[in-house]
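Just follow the structure's listing: the first ligand is 1, and inside any ligand the first atom is 1.
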Amino acid sequence: MDRIRIEGGHPLEGVIDISGAKNAALPLMAAGLLTDERLVLENVADLADLTTMAALLTQHGIAVEPEQKRCLSLGGAITNTEAPYDIVRKMRASILVLGPLLARKRVARVSLPGGCAIGTRPVDLHLKGFEAMGARISLDGGYIQAEAPNGLQGAEIMFPFVSVGATENLLLAASLAEGQTVLVNAAREPEISDLIACLTAMGADIAGVGTDRLVVNGVGALHGARHRILPDRIETGTYACAAAITGGSVLLRGARAVDLGAVLAALAQAGVVIEEQAEGIRVSRRNGLHGTDAMTEPFPGFATDMQAQFMTLMAVADGASMITETIFENRFMHVPELNRMGARINVHGASAIVRGVPSLSGAPVMATDLRASFSLVLAGLAAKGETVVNRVYHLDRGYEAVEAKLAGCGAVIERF
Ligand code: EPZ
(Lines give C-alpha, C1' and ligand atoms only; values in the text may rest on other atoms or scores of the structure.)
Protein backbone atom coordinates (compact mmCIF):
# COMPACT_ATOMS: atom_id res chain seq x y z
CA MET A 1 0.00 0.00 0.00
CA ASP A 2 1.46 3.37 -1.01
CA ARG A 3 2.68 5.86 1.55
CA ILE A 4 3.79 9.47 1.27
CA ARG A 5 6.88 10.83 2.99
CA ILE A 6 7.16 14.58 3.58
CA GLU A 7 10.02 16.62 4.96
CA GLY A 8 8.38 19.67 6.47
CA GLY A 9 9.39 23.30 6.66
CA HIS A 10 9.70 24.34 3.01
CA PRO A 11 7.57 27.34 1.98
CA LEU A 12 5.63 26.66 -1.23
CA GLU A 13 6.43 29.07 -4.06
CA GLY A 14 5.21 28.74 -7.64
CA VAL A 15 2.15 27.72 -9.65
CA ILE A 16 -0.34 24.89 -9.10
CA ASP A 17 -2.82 24.04 -11.85
CA ILE A 18 -6.28 23.36 -10.44
CA SER A 19 -7.95 20.29 -11.95
CA GLY A 20 -11.57 19.82 -12.99
CA ALA A 21 -13.89 19.20 -10.03
CA LYS A 22 -14.36 15.58 -8.98
CA ASN A 23 -17.75 16.25 -7.43
CA ALA A 24 -18.98 17.89 -10.64
CA ALA A 25 -17.56 15.16 -12.88
CA LEU A 26 -19.42 12.35 -11.06
CA PRO A 27 -23.01 13.58 -11.71
CA LEU A 28 -21.98 14.81 -15.17
CA MET A 29 -20.78 11.33 -16.07
CA ALA A 30 -24.08 9.91 -14.78
CA ALA A 31 -25.80 12.34 -17.19
CA GLY A 32 -24.24 10.25 -19.96
CA LEU A 33 -27.02 7.72 -19.24
CA LEU A 34 -29.68 10.26 -20.25
CA THR A 35 -28.99 10.02 -24.00
CA ASP A 36 -27.61 7.49 -26.49
CA GLU A 37 -25.82 10.37 -28.22
CA ARG A 38 -22.29 11.48 -27.43
CA LEU A 39 -21.69 13.56 -24.31
CA VAL A 40 -18.16 14.96 -24.29
CA LEU A 41 -16.80 16.18 -20.96
CA GLU A 42 -13.71 18.40 -20.96
CA ASN A 43 -11.37 19.14 -18.04
CA VAL A 44 -11.78 15.67 -16.50
CA ALA A 45 -9.22 14.96 -13.77
CA ASP A 46 -7.39 11.64 -13.54
CA LEU A 47 -8.89 10.35 -10.27
CA ALA A 48 -9.71 6.94 -8.83
CA ASP A 49 -13.37 7.89 -8.19
CA LEU A 50 -13.86 8.87 -11.83
CA THR A 51 -12.35 5.56 -12.94
CA THR A 52 -14.90 3.84 -10.68
CA MET A 53 -17.75 5.83 -12.25
CA ALA A 54 -16.45 4.96 -15.73
CA ALA A 55 -16.46 1.25 -14.79
CA LEU A 56 -20.03 1.55 -13.52
CA LEU A 57 -21.25 3.26 -16.71
CA THR A 58 -19.41 0.74 -18.88
CA GLN A 59 -21.24 -2.16 -17.30
CA HIS A 60 -24.53 -0.28 -17.92
CA GLY A 61 -23.60 -0.36 -21.63
CA ILE A 62 -22.17 3.14 -22.05
CA ALA A 63 -18.87 3.44 -23.94
CA VAL A 64 -16.56 5.72 -21.94
CA GLU A 65 -13.55 6.69 -24.04
CA PRO A 66 -10.80 9.25 -23.70
CA GLU A 67 -11.26 11.69 -26.59
CA GLN A 68 -8.11 13.71 -26.14
CA LYS A 69 -6.13 14.79 -23.08
CA ARG A 70 -8.52 15.40 -20.14
CA CYS A 71 -11.57 14.74 -22.31
CA LEU A 72 -14.03 11.87 -21.92
CA SER A 73 -16.56 10.85 -24.50
CA LEU A 74 -19.63 8.96 -23.28
CA GLY A 75 -22.21 7.37 -25.55
CA GLY A 76 -24.31 4.35 -26.40
CA ALA A 77 -27.47 2.62 -25.31
CA ILE A 78 -28.19 1.34 -21.80
CA THR A 79 -27.99 -2.46 -21.89
CA ASN A 80 -28.11 -3.23 -18.16
CA THR A 81 -30.07 -1.47 -15.40
CA GLU A 82 -28.30 -3.02 -12.41
CA ALA A 83 -25.55 -1.21 -10.46
CA PRO A 84 -23.73 -4.02 -8.66
CA TYR A 85 -22.56 -4.09 -5.04
CA ASP A 86 -18.92 -4.55 -6.05
CA ILE A 87 -18.79 -1.09 -7.62
CA VAL A 88 -21.29 0.79 -5.43
CA ARG A 89 -19.50 -0.25 -2.23
CA LYS A 90 -16.36 1.52 -3.50
CA MET A 91 -18.10 4.83 -4.05
CA ARG A 92 -21.38 6.19 -2.68
CA ALA A 93 -21.80 8.57 -5.62
CA SER A 94 -22.72 5.45 -7.67
CA ILE A 95 -26.29 6.11 -6.44
CA LEU A 96 -26.40 8.91 -9.04
CA VAL A 97 -27.14 6.36 -11.78
CA LEU A 98 -30.51 5.57 -10.18
CA GLY A 99 -32.30 8.71 -11.43
CA PRO A 100 -31.10 8.45 -15.05
CA LEU A 101 -31.80 4.68 -15.22
CA LEU A 102 -35.32 5.13 -13.86
CA ALA A 103 -36.02 8.03 -16.21
CA ARG A 104 -34.77 6.20 -19.31
CA LYS A 105 -35.62 2.54 -18.61
CA ARG A 106 -38.42 2.83 -15.99
CA VAL A 107 -36.64 0.26 -13.89
CA ALA A 108 -33.36 0.13 -11.96
CA ARG A 109 -31.67 -2.07 -9.41
CA VAL A 110 -28.89 -0.33 -7.51
CA SER A 111 -26.97 -1.72 -4.57
CA LEU A 112 -27.81 0.28 -1.45
CA PRO A 113 -24.68 2.24 -0.46
CA GLY A 114 -23.67 1.41 3.08
CA GLY A 115 -22.28 3.74 5.72
CA CYS A 116 -18.88 5.27 5.18
CA ALA A 117 -16.01 6.56 7.27
CA ILE A 118 -17.49 10.03 7.66
CA GLY A 119 -20.96 8.95 8.74
CA THR A 120 -24.04 6.83 8.10
CA ARG A 121 -25.06 8.87 5.01
CA PRO A 122 -28.44 7.41 4.06
CA VAL A 123 -30.06 7.96 0.62
CA ASP A 124 -33.64 8.30 1.90
CA LEU A 125 -34.11 11.76 0.34
CA HIS A 126 -33.22 10.40 -3.09
CA LEU A 127 -35.71 7.54 -2.70
CA LYS A 128 -38.53 9.69 -1.31
CA GLY A 129 -38.06 12.03 -4.25
CA PHE A 130 -38.40 9.21 -6.78
CA GLU A 131 -41.48 7.92 -4.94
CA ALA A 132 -43.03 11.39 -5.18
CA MET A 133 -42.42 11.13 -8.93
CA GLY A 134 -44.38 7.88 -9.07
CA ALA A 135 -41.68 5.24 -8.64
CA ARG A 136 -42.23 2.14 -6.52
CA ILE A 137 -39.19 1.46 -4.38
CA SER A 138 -38.43 -1.70 -2.43
CA LEU A 139 -35.36 -3.24 -0.86
CA ASP A 140 -34.30 -6.68 -1.93
CA GLY A 141 -31.09 -8.45 -0.95
CA GLY A 142 -29.25 -5.21 -0.21
CA TYR A 143 -30.43 -3.68 -3.49
CA ILE A 144 -32.79 -0.78 -4.16
CA GLN A 145 -35.37 -2.07 -6.60
CA ALA A 146 -37.05 0.88 -8.34
CA GLU A 147 -39.83 0.72 -10.89
CA ALA A 148 -41.90 3.35 -12.66
CA PRO A 149 -43.97 1.34 -15.18
CA ASN A 150 -45.81 4.47 -16.38
CA GLY A 151 -42.68 6.61 -16.41
CA LEU A 152 -41.69 9.30 -13.91
CA GLN A 153 -44.15 12.17 -13.38
CA GLY A 154 -43.24 15.70 -12.35
CA ALA A 155 -43.84 16.53 -8.67
CA GLU A 156 -43.12 19.18 -6.07
CA ILE A 157 -40.37 17.87 -3.82
CA MET A 158 -39.50 19.75 -0.65
CA PHE A 159 -36.20 18.61 0.89
CA PRO A 160 -36.25 18.72 4.73
CA PHE A 161 -32.55 19.60 4.62
CA VAL A 162 -30.06 20.31 1.88
CA SER A 163 -28.59 17.32 0.05
CA VAL A 164 -26.19 17.75 -2.84
CA GLY A 165 -26.60 14.19 -4.11
CA ALA A 166 -30.42 14.09 -3.83
CA THR A 167 -30.69 17.41 -5.69
CA GLU A 168 -28.46 16.02 -8.46
CA ASN A 169 -30.22 12.67 -8.74
CA LEU A 170 -33.65 14.30 -8.94
CA LEU A 171 -32.47 16.91 -11.45
CA LEU A 172 -31.16 14.12 -13.68
CA ALA A 173 -34.44 12.20 -13.44
CA ALA A 174 -36.75 15.23 -13.70
CA SER A 175 -35.10 16.35 -16.94
CA LEU A 176 -36.79 13.42 -18.72
CA ALA A 177 -39.94 13.10 -16.55
CA GLU A 178 -43.40 13.95 -17.79
CA GLY A 179 -44.46 17.43 -16.68
CA GLN A 180 -42.99 19.87 -14.18
CA THR A 181 -40.83 19.06 -11.16
CA VAL A 182 -40.11 21.69 -8.53
CA LEU A 183 -37.23 21.08 -6.11
CA VAL A 184 -37.58 23.21 -3.00
CA ASN A 185 -34.64 23.71 -0.58
CA ALA A 186 -32.35 22.39 -3.30
CA ALA A 187 -28.57 22.46 -2.90
CA ARG A 188 -26.85 25.51 -4.42
CA GLU A 189 -23.30 24.14 -4.68
CA PRO A 190 -21.37 25.27 -7.79
CA GLU A 191 -21.36 21.61 -8.94
CA ILE A 192 -25.19 21.76 -9.17
CA SER A 193 -25.01 24.84 -11.40
CA ASP A 194 -22.43 23.04 -13.54
CA LEU A 195 -24.74 20.04 -13.88
CA ILE A 196 -27.63 22.33 -14.86
CA ALA A 197 -25.44 24.02 -17.49
CA CYS A 198 -24.63 20.62 -19.03
CA LEU A 199 -28.21 19.33 -18.87
CA THR A 200 -29.38 22.56 -20.51
CA ALA A 201 -26.82 22.07 -23.30
CA MET A 202 -28.31 18.57 -23.72
CA GLY A 203 -31.77 20.08 -24.23
CA ALA A 204 -33.19 20.11 -20.67
CA ASP A 205 -35.47 22.92 -19.48
CA ILE A 206 -34.38 24.00 -15.97
CA ALA A 207 -35.00 27.37 -14.29
CA GLY A 208 -33.70 28.75 -11.00
CA VAL A 209 -30.00 27.95 -11.43
CA GLY A 210 -28.00 29.16 -8.42
CA THR A 211 -31.11 29.32 -6.20
CA ASP A 212 -32.67 26.82 -3.79
CA ARG A 213 -35.82 26.46 -5.95
CA LEU A 214 -35.27 24.61 -9.19
CA VAL A 215 -38.06 24.21 -11.74
CA VAL A 216 -37.61 21.45 -14.29
CA ASN A 217 -39.96 21.03 -17.24
CA GLY A 218 -39.41 17.49 -18.45
CA VAL A 219 -38.60 16.97 -22.12
CA GLY A 220 -39.16 13.90 -24.30
CA ALA A 221 -35.48 13.28 -25.06
CA LEU A 222 -32.06 14.77 -24.47
CA HIS A 223 -29.27 14.95 -27.03
CA GLY A 224 -25.48 14.93 -27.02
CA ALA A 225 -23.42 17.93 -25.95
CA ARG A 226 -19.94 19.10 -25.06
CA HIS A 227 -19.34 20.52 -21.59
CA ARG A 228 -16.28 21.85 -19.76
CA ILE A 229 -16.17 20.90 -16.07
CA LEU A 230 -15.64 23.73 -13.60
CA PRO A 231 -12.39 23.96 -11.57
CA ASP A 232 -12.31 22.02 -8.30
CA ARG A 233 -13.12 24.44 -5.47
CA ILE A 234 -12.09 21.97 -2.78
CA GLU A 235 -8.72 21.34 -4.41
CA THR A 236 -8.38 25.14 -4.66
CA GLY A 237 -9.12 25.64 -0.96
CA THR A 238 -6.83 22.76 -0.03
CA TYR A 239 -3.81 24.18 -1.89
CA ALA A 240 -4.66 27.63 -0.50
CA CYS A 241 -4.18 26.08 2.96
CA ALA A 242 -0.90 24.51 1.76
CA ALA A 243 0.47 27.89 0.65
CA ALA A 244 -0.72 29.47 3.90
CA ILE A 245 0.54 26.84 6.32
CA THR A 246 4.05 26.90 4.81
CA GLY A 247 4.22 30.71 4.71
CA GLY A 248 4.60 30.64 0.93
CA SER A 249 2.97 32.23 -2.11
CA VAL A 250 1.30 30.16 -4.82
CA LEU A 251 -0.73 30.99 -7.92
CA LEU A 252 -3.65 28.56 -8.13
CA ARG A 253 -4.01 28.64 -11.89
CA GLY A 254 -7.53 28.26 -13.24
CA ALA A 255 -9.17 28.62 -9.79
CA ARG A 256 -12.33 30.70 -9.27
CA ALA A 257 -12.68 32.67 -6.02
CA VAL A 258 -16.47 32.93 -6.35
CA ASP A 259 -16.84 29.16 -5.85
CA LEU A 260 -15.12 29.18 -2.45
CA GLY A 261 -18.03 30.78 -0.56
CA ALA A 262 -17.37 31.25 3.15
CA VAL A 263 -14.00 29.46 2.95
CA LEU A 264 -12.58 32.58 1.31
CA ALA A 265 -13.70 34.85 4.16
CA ALA A 266 -12.40 32.42 6.81
CA LEU A 267 -8.96 32.26 5.16
CA ALA A 268 -8.82 36.05 4.92
CA GLN A 269 -9.86 36.42 8.56
CA ALA A 270 -7.10 34.00 9.52
CA GLY A 271 -4.53 36.30 7.89
CA VAL A 272 -4.14 34.60 4.50
CA VAL A 273 -3.76 37.04 1.59
CA ILE A 274 -5.89 36.14 -1.39
CA GLU A 275 -5.67 38.05 -4.64
CA GLU A 276 -7.77 37.37 -7.71
CA GLN A 277 -5.66 37.55 -10.84
CA ALA A 278 -6.37 37.05 -14.53
CA GLU A 279 -4.98 33.50 -14.46
CA GLY A 280 -6.46 32.39 -11.14
CA ILE A 281 -6.02 33.12 -7.44
CA ARG A 282 -2.74 34.01 -5.71
CA VAL A 283 -2.57 32.83 -2.09
CA SER A 284 0.20 34.04 0.20
CA ARG A 285 0.98 34.40 3.85
CA ARG A 286 3.39 37.07 4.97
CA ASN A 287 2.49 37.35 8.67
CA GLY A 288 1.16 35.07 11.42
CA LEU A 289 -2.10 33.13 11.31
CA HIS A 290 -4.95 34.07 13.66
CA GLY A 291 -7.33 31.58 15.24
CA THR A 292 -10.63 31.78 13.34
CA ASP A 293 -13.91 29.95 13.97
CA ALA A 294 -15.66 28.02 11.21
CA MET A 295 -18.95 26.14 11.01
CA THR A 296 -19.70 23.86 8.07
CA GLU A 297 -22.89 24.56 6.14
CA PRO A 298 -24.31 23.97 2.67
CA PHE A 299 -22.97 26.34 -0.01
CA PRO A 300 -22.32 29.28 0.17
CA GLY A 301 -21.46 28.39 3.79
CA PHE A 302 -18.14 26.88 4.83
CA ALA A 303 -17.70 23.57 2.94
CA THR A 304 -17.52 20.41 5.03
CA ASP A 305 -14.98 19.15 2.47
CA MET A 306 -12.62 21.94 3.68
CA GLN A 307 -13.10 21.39 7.41
CA ALA A 308 -10.15 19.05 8.04
CA GLN A 309 -7.69 21.13 6.01
CA PHE A 310 -8.75 24.38 7.73
CA MET A 311 -8.41 22.70 11.11
CA THR A 312 -4.76 21.86 10.36
CA LEU A 313 -4.17 25.50 9.48
CA MET A 314 -5.75 26.57 12.76
CA ALA A 315 -3.60 24.04 14.64
CA VAL A 316 -0.60 26.34 14.08
CA ALA A 317 -2.44 29.69 14.33
CA ASP A 318 -2.12 32.19 17.19
CA GLY A 319 -4.97 31.69 19.64
CA ALA A 320 -7.91 29.32 19.69
CA SER A 321 -10.59 28.48 17.14
CA MET A 322 -13.80 26.53 17.31
CA ILE A 323 -14.62 24.38 14.30
CA THR A 324 -18.14 23.00 14.14
CA GLU A 325 -19.24 20.23 11.78
CA THR A 326 -22.97 20.32 10.99
CA ILE A 327 -23.14 18.17 7.83
CA PHE A 328 -21.60 14.83 8.88
CA GLU A 329 -21.66 13.26 12.33
CA ASN A 330 -18.24 11.61 12.21
CA ARG A 331 -15.86 13.88 10.39
CA PHE A 332 -13.19 14.51 13.04
CA MET A 333 -11.11 11.37 12.48
CA HIS A 334 -8.08 13.49 11.61
CA VAL A 335 -8.03 14.97 15.13
CA PRO A 336 -6.19 12.13 16.93
CA GLU A 337 -3.67 11.97 14.08
CA LEU A 338 -3.05 15.74 14.21
CA ASN A 339 -2.66 15.51 17.98
CA ARG A 340 0.02 12.84 17.48
CA MET A 341 1.93 15.54 15.59
CA GLY A 342 1.67 17.94 18.54
CA ALA A 343 -1.61 19.72 17.79
CA ARG A 344 -3.87 20.62 20.75
CA ILE A 345 -7.39 19.80 19.62
CA ASN A 346 -10.31 18.63 21.75
CA VAL A 347 -13.56 17.41 20.32
CA HIS A 348 -16.81 18.19 22.16
CA GLY A 349 -19.75 16.73 20.25
CA ALA A 350 -19.98 18.44 16.89
CA SER A 351 -17.29 21.03 17.72
CA ALA A 352 -13.54 20.90 17.95
CA ILE A 353 -11.61 23.41 20.03
CA VAL A 354 -8.24 24.04 18.44
CA ARG A 355 -5.59 25.72 20.56
CA GLY A 356 -2.85 26.88 18.23
CA VAL A 357 0.69 25.64 18.88
CA PRO A 358 3.91 27.25 17.60
CA SER A 359 4.83 24.20 15.52
CA LEU A 360 3.96 20.58 14.75
CA SER A 361 6.44 17.72 14.68
CA GLY A 362 6.65 15.03 12.01
CA ALA A 363 5.25 11.56 12.79
CA PRO A 364 3.85 8.49 11.06
CA VAL A 365 0.09 9.03 10.64
CA MET A 366 -2.85 7.20 9.14
CA ALA A 367 -5.22 8.67 6.53
CA THR A 368 -8.89 7.88 7.22
CA ASP A 369 -10.82 9.55 4.40
CA LEU A 370 -10.15 11.75 1.41
CA ARG A 371 -10.10 15.22 2.96
CA ALA A 372 -8.67 14.03 6.28
CA SER A 373 -5.76 12.57 4.29
CA PHE A 374 -4.86 15.95 2.90
CA SER A 375 -5.13 17.57 6.31
CA LEU A 376 -2.28 15.25 7.36
CA VAL A 377 -0.26 16.14 4.26
CA LEU A 378 -0.71 19.81 5.22
CA ALA A 379 0.46 19.07 8.74
CA GLY A 380 3.48 17.28 7.30
CA LEU A 381 4.35 20.24 5.06
CA ALA A 382 4.40 22.53 8.09
CA ALA A 383 5.91 20.16 10.66
CA LYS A 384 9.48 19.94 11.84
CA GLY A 385 11.06 16.71 10.58
CA GLU A 386 9.61 13.82 8.63
CA THR A 387 5.97 12.76 8.33
CA VAL A 388 4.82 9.52 6.73
CA VAL A 389 1.15 9.39 5.69
CA ASN A 390 -0.15 5.82 5.43
CA ARG A 391 -3.18 4.64 3.42
CA VAL A 392 -2.87 7.31 0.75
CA TYR A 393 -5.29 5.49 -1.55
CA HIS A 394 -7.89 7.75 0.08
CA LEU A 395 -6.01 10.73 -1.37
CA ASP A 396 -5.97 9.28 -4.88
CA ARG A 397 -9.77 9.15 -4.93
CA GLY A 398 -10.00 12.91 -5.20
CA TYR A 399 -6.65 14.69 -5.58
CA GLU A 400 -4.76 14.47 -8.85
CA ALA A 401 -0.94 14.30 -8.93
CA VAL A 402 -0.52 15.50 -5.33
CA GLU A 403 3.23 14.90 -5.08
CA ALA A 404 3.96 16.48 -8.49
CA LYS A 405 1.85 19.55 -7.74
CA LEU A 406 3.45 20.11 -4.33
CA ALA A 407 7.02 19.23 -5.37
CA GLY A 408 6.67 21.66 -8.29
CA CYS A 409 6.39 24.42 -5.68
CA GLY A 410 9.35 23.31 -3.58
CA ALA A 411 7.81 20.75 -1.21
CA VAL A 412 9.99 17.78 -0.32
CA ILE A 413 7.56 14.92 -0.82
CA GLU A 414 7.70 11.43 -2.28
CA ARG A 415 5.50 8.36 -2.59
CA PHE A 416 7.05 5.04 -1.68
C1 EPZ B 1 -21.60 15.43 -1.58
O2 EPZ B 1 -21.95 14.21 -0.95
C3 EPZ B 1 -20.13 15.34 -1.86
N4 EPZ B 1 -19.89 14.20 -2.73
C5 EPZ B 1 -19.35 15.21 -0.56
O6 EPZ B 1 -17.96 15.24 -0.87
C7 EPZ B 1 -19.69 16.41 0.33
O8 EPZ B 1 -19.05 16.25 1.57
C9 EPZ B 1 -21.20 16.51 0.53
O10 EPZ B 1 -21.87 16.55 -0.75
C11 EPZ B 1 -21.62 17.74 1.31
O12 EPZ B 1 -21.17 18.90 0.66
C13 EPZ B 1 -20.11 14.30 -4.03
O14 EPZ B 1 -20.51 15.33 -4.54
C15 EPZ B 1 -19.82 13.10 -4.86
P16 EPZ B 1 -25.30 15.25 0.87
P17 EPZ B 1 -23.49 13.79 -0.77
O18 EPZ B 1 -26.36 14.41 0.25
O19 EPZ B 1 -24.23 14.25 -1.96
C20 EPZ B 1 -27.47 13.45 4.77
C21 EPZ B 1 -15.72 14.57 -0.75
O22 EPZ B 1 -14.86 14.58 0.19
N23 EPZ B 1 -28.37 12.76 3.82
O24 EPZ B 1 -25.32 16.72 0.62
O25 EPZ B 1 -23.52 12.36 -0.42
C26 EPZ B 1 -26.05 12.94 4.69
O27 EPZ B 1 -25.87 11.79 5.47
C28 EPZ B 1 -17.13 14.11 -0.50
O29 EPZ B 1 -15.45 14.89 -1.91
C30 EPZ B 1 -29.44 12.04 4.31
O31 EPZ B 1 -29.66 11.95 5.52
O32 EPZ B 1 -23.86 14.66 0.49
C33 EPZ B 1 -25.28 14.14 5.19
O34 EPZ B 1 -25.29 14.15 6.59
C35 EPZ B 1 -17.33 13.53 0.83
N36 EPZ B 1 -30.28 11.43 3.41
C37 EPZ B 1 -26.10 15.34 4.66
O38 EPZ B 1 -27.38 14.81 4.38
C39 EPZ B 1 -30.08 11.53 2.07
O40 EPZ B 1 -30.87 10.94 1.30
C41 EPZ B 1 -25.57 15.98 3.38
O42 EPZ B 1 -25.29 14.97 2.43
C43 EPZ B 1 -29.00 12.27 1.58
C44 EPZ B 1 -28.15 12.88 2.48
Side-chain angles (χ1 to χ4, degrees), residues 19-30 45 47-50 52-53 56 88 90-99 110 112-132 137 144 157-172 183 185-195 212 229-230 232-238 259-263 295-310 325-331 333-334 350 367-375 394-400:
S19 301
K22 166 184 80 93
N23 288 347
L26 289 166
L28 287 166
M29 288 175 75
L47 298 170
D49 273 10
L50 303 190
T52 303
M53 184 54 106
L56 183 59
V88 178
K90 285 193 202 155
M91 187 181 69
R92 293 180 46 81
S94 307
I95 188 73
L96 293 173
V97 301
L98 181 53
V110 176
L112 186 64
C116 68
I118 61 174
T120 47
R121 297 179 79 186
V123 291
D124 54 323
L125 298 189
H126 303 232
L127 303 185
K128 280 185 191 131
F130 295 131
E131 277 175 342
I137 310 267
I144 301 162
I157 297 163
M158 176 116 52
F159 296 112
F161 51 88
V162 175
S163 162
V164 174
T167 302
E168 291 167 345
N169 223 342
L170 285 153
L171 269 176
L172 289 161
L183 303 179
N185 198 22
R188 288 182 289 163
E189 269 63 8
E191 293 77 19
I192 305 273
S193 305
D194 207 41
L195 176 62
D212 62 359
I229 298 175
L230 87 171
D232 195 317
R233 66 194 166 101
I234 306 301
E235 191 194 29
T236 302
T238 302
D259 294 338
L260 291 181
V263 170
M295 181 162 80
T296 65
E297 284 175 330
F299 191 82
F302 192 102
T304 172
D305 291 347
M306 277 301 301
Q307 181 257 106
Q309 302 91 308
F310 190 72
E325 174 58 61
T326 73
I327 310 286
F328 292 109
E329 75 270 25
N330 188 25
R331 215 175 189 182
M333 285 169 302
H334 41 286
T368 48
D369 72 70
L370 169 58
R371 309 302 170 186
S373 307
F374 215 115
S375 76
H394 289 293
L395 210 58
D396 298 331
R397 291 187 57 179
Y399 288 99
E400 189 177 31

Could you pull out all residues at least two apart from [X] that satisfy side-chain contact (heavy atoms from CB on, under 4.5 Å)?
{"X": "F328", "answer": "I118, R121, T304, E325, R331"}
{"X": "S163", "answer": "L125, H126, A166"}
{"X": "I137", "answer": "L127, F130, E131, A135, I144, A146"}

Q.
I need the L26 CG to M53 CE distance, nearest 0.5 Å.
A. 5.0 Å
Could you pull out the N/O contacts under 3.5 angstrom between ligand 1 and the surrounding protein atoms?
| unit_1 | atom_1 | unit_2 | atom_2 | d |
| --- | --- | --- | --- | --- |
| ligand 1 | 2 (O) | R121 | NH2 | 3.2 |
| ligand 1 | 6 (O) | N23 | ND2 | 3.3 |
| ligand 1 | 6 (O) | D305 | OD1 | 3.4 |
| ligand 1 | 6 (O) | D305 | OD2 | 2.9 |
| ligand 1 | 8 (O) | D305 | OD1 | 2.6 |
| ligand 1 | 8 (O) | D305 | OD2 | 3.4 |
| ligand 1 | 18 (O) | S163 | OG | 2.6 |
| ligand 1 | 19 (O) | G165 | N | 2.7 |
| ligand 1 | 22 (O) | D305 | OD1 | 3.4 |
| ligand 1 | 22 (O) | R331 | NH2 | 3.3 |
| ligand 1 | 22 (O) | R371 | NE | 2.9 |
| ligand 1 | 24 (O) | V164 | N | 2.7 |
| ligand 1 | 25 (O) | R121 | NH2 | 2.9 |
| ligand 1 | 29 (O) | K22 | NZ | 2.9 |
| ligand 1 | 29 (O) | N23 | ND2 | 3.1 |
| ligand 1 | 29 (O) | R371 | NH2 | 2.7 |
| ligand 1 | 34 (O) | I327 | O | 2.6 |
| ligand 1 | 36 (N) | P122 | O | 3.2 |
| ligand 1 | 36 (N) | D124 | OD1 | 2.6 |
| ligand 1 | 40 (O) | P122 | O | 3.3 |
| ligand 1 | 40 (O) | D124 | N | 3.0 |
| ligand 1 | 40 (O) | D124 | OD1 | 3.2 |
| ligand 1 | 40 (O) | L125 | N | 2.7 |

Q) Taking D369 for the side chain and A117 for the main chain, is one N or O donor matched with an acceptor at less than 3.5 Å? A) no
Q.
Check E400 with K22, please: is the shortest side-chain N to carboxylate O separation under 4.0 Å?
A. no
